[in-house]
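Labels below follow one simple rule: chain letters A, B, ... track the order of the sequence lines, proteins then strands, and each chain is numbered from 1.
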Amino acid sequence: MLTVTDLTCARGGVPILSGVTFSVASGRSLILRGPNGAGKTTLLRTLAGLQPALTGSVEPGVDAIAYAGHADGLKSALSVAENLTFWAGVFGTRGIDAALSAFQLDALRDRAAAHLSAGQKRRLGLARLLVTGRPVWVLDEPTVSLDVASVARFGAVLATHLAGGGTAVIATHVDLGFDAEMLDIAAFRARAGSSDFDRSDFDEAFL
Amino acid sequence: MIRLLLRDLKLAVRAGGGFGLGLGFFLIVVVLVPFAMGPDTSRLSSIAPGVLWLGALLACLLSLDRIFALDHEDGTLDLLATAPIPLEGVVVAKAAAHWIVTGLPLTLAAPGLGVLLNLPSDGYLWLLVSLAIGTPALSVIGAFGAALTVGLKRGGLLLSLLVLPLYVPTLIFGAEVARRGAEGLAVVTPLLLLGGITAGAVALLPFAAAAALRINLR
C-alpha cells in the first residue's frame, strides 16, 4: 500500500513536479511513464526519502520503502555473496540464498563483483531488494542492461513480491510481462515561474 | 553500524583499498626529514615531536576523500541513506573505520620512526599517548570535510582547504604534549585540551556530517 498526496518534488530548489497524487494498493504495481527529463527519477528519490518534498505526504514512511536507482551500490572488491550478506546485515534480515537463486546467481556467489558482467551486476543489485524485506519497492529503470530472459525472470520475481502483498512503483520503458497501472507524470509537470517556491526559501540557494 | 565498519575494514585490506597509503606517506616524510635538516642530532631531537605530529596529520589528510567519495560513486551512499541505519551512525562507522585503517597504524608506527629523528627517550610514551588521543579527532573532522565535499568531482583540494584550519587546534595541542613529554615537562594541560577537542569532535561532528550528507544527496 502506498499513498501519495499532493506531492511537490524539486530538483536543485526548482519544482519539477507538483500536485502528484496517486495510490497503489497492496499487490499492485504502478509504472511511471514520461519522456527523459520529465522527473521520474526525482519523484522516485523523493518517495524514497533521499530528498525532501516541498509539499505533500507519502504514506507509509520511508522505513517501508526499498529503493533501487541507476547505480547498484556494489563493491567490486567483494564477492557476490559478501555484497549481499552486507546488505542483509544492514537491513537486519538473514539468508541470502533465496535472493541468489531468484536471480540465478548461485553459480557466481564467490566471484568478485568486479568480474561480473553489466547484466550480472544489475541482477545482483536487484537481488538486494529481496534481502531488504521491505514491502514497497521503488525502482528506477530496473531492467537496464538485462537481457530478455533476465527481464522475464525479474518480472517473475516482481510478480511473486506483489502476490505476497508487496507494492512496487517502477519507472521503466520496457514491458515487464504483467499488467500494471500506468501513470504519465508529464501531467504533473510544474509550470515554470508560476510556483510559490521560486524565491521563498532564500537559504536554499546556499545549500 | 558494526556491519558497515567490518565491511569498510575488509575493503581497506583488499587490493586497491588504500590500507598503508597513510603509513607509507608517514614513513617517507619522517625518513626524508633528517636528510633535509642535516645530521645534527640535537637539532633533530628538538624538532622530532613536531615533525612526527605533522607527518601523521598529513598522512591522515591523504586518505580523507576516500571516506565517502567511493560510496557515493557506486551508489552505495544512496542505498545506505535509505537503510535503517541513521546517517549519523554511517558517519561514525566510516570515521571509525578510517581511524583503524589510518590513525591507529600511524600511532603504533610513530615511536619506531621516532628513532630516526633521535626523539628523546622520555618522549616515546607521550608521543604514543598524544597520537592515540588526537588521531580520532583527525578522522572525525576529516569525515565531516569529506561529507561536505562528497558530491564534487575531484573535491580533494577543497576538502584539504576546508579541513586544514579545523586540524590546527589538534596539531597545536598534540605536538605540545609530545614536545613537553620529550623535554620532561608537565603535559597535563595540553593533554586535557587535546582530549577535550577529540571528545567534542566525536560528539558533535557526526551530526554535522550527516546533515551535510543529506544536503549533498538531494
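Although no hydrogens or angles enter the test, the distance criterion places no donor-acceptor pair under 3.5 Å between the side chain of Arg214(B) and the main chain of Pro52(A). Remark: side-chain polar atoms of Arg3(B) are not paired, donor with acceptor, to backbone N or O of Val90(A) under 3.5 angstrom.
Residue contact with chain A, scored on non-hydrogen atoms closer than 4.5 Å, is absent for Asn216(B). Proximity to chain B (any heavy atom under 4.5 Å) is restricted, for Arg128(A), to the side chain, taken from C-beta onward. For Leu80(B), the parts lying near chain A are the backbone and the side chain together; criterion is any non-hydrogen pair under 4.5 Å. The part of Ile85(B) that comes within reach of chain A is its side chain, from C-beta onward, which places non-hydrogen atoms under 4.5 angstrom from that chain. Heavy-atom distances place both the backbone and the side chain of Leu50(A) under 4.5 Å from chain B. With a 4.5 Å cut-off on non-hydrogen atoms, Asp63(A) does not touch chain B at all.
Smallest separation of non-hydrogen atoms from Ala71(A) and Gly75(B): CB-CA, 3.7 Å.
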List the steps, then state whether side-chain contact (heavy atoms from CB on, under 4.5 Å) holds for Gln51(A) with Leu217(B). CA-CA 7 Å; Gln51(A) 52 192 59; Leu217(B) 285 179; over 6 Å; no

Full working for side-chain contact (heavy atoms from CB on, under 4.5 Å) between Thr82(B) and Ile65(A): CA-CA 8 Å; Thr82(B) 60; Ile65(A) 293 176; over 6 Å; no

Run the numbers on Leu6(B) and Phe86(A) for side-chain contact (heavy atoms from CB on, under 4.5 Å), then give the verdict. CA-CA 9 Å; Leu6(B) 293 177; Phe86(A) 165 68; over 6 Å; no

Test Asp74(B) against Asp72(A) for side-chain contact (heavy atoms from CB on, under 4.5 Å), laying out the working first. CA-CA 7 Å; Asp74(B) 62 19; Asp72(A) 291 317; over 6 Å; no

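The number of heavy-atom neighbours closer than 6.0 Å to CZ of Arg28(A), taken from other residues, nucleotides and ligands shown, is above 12. By the 6.0 Å contact criterion, NE2 on His115(A) is open, its count of non-hydrogen atoms from other residues, nucleotides or ligands being 12 or less.
Between Arg7(B) and Glu82(A) no salt bridge is recorded (no basic side-chain N to carboxylate O distance below 4.0 Å).
Between Ser79(A) atom OG and Arg14(B) atom CZ the span is 7.0 Å, to the nearest 0.5 Å.
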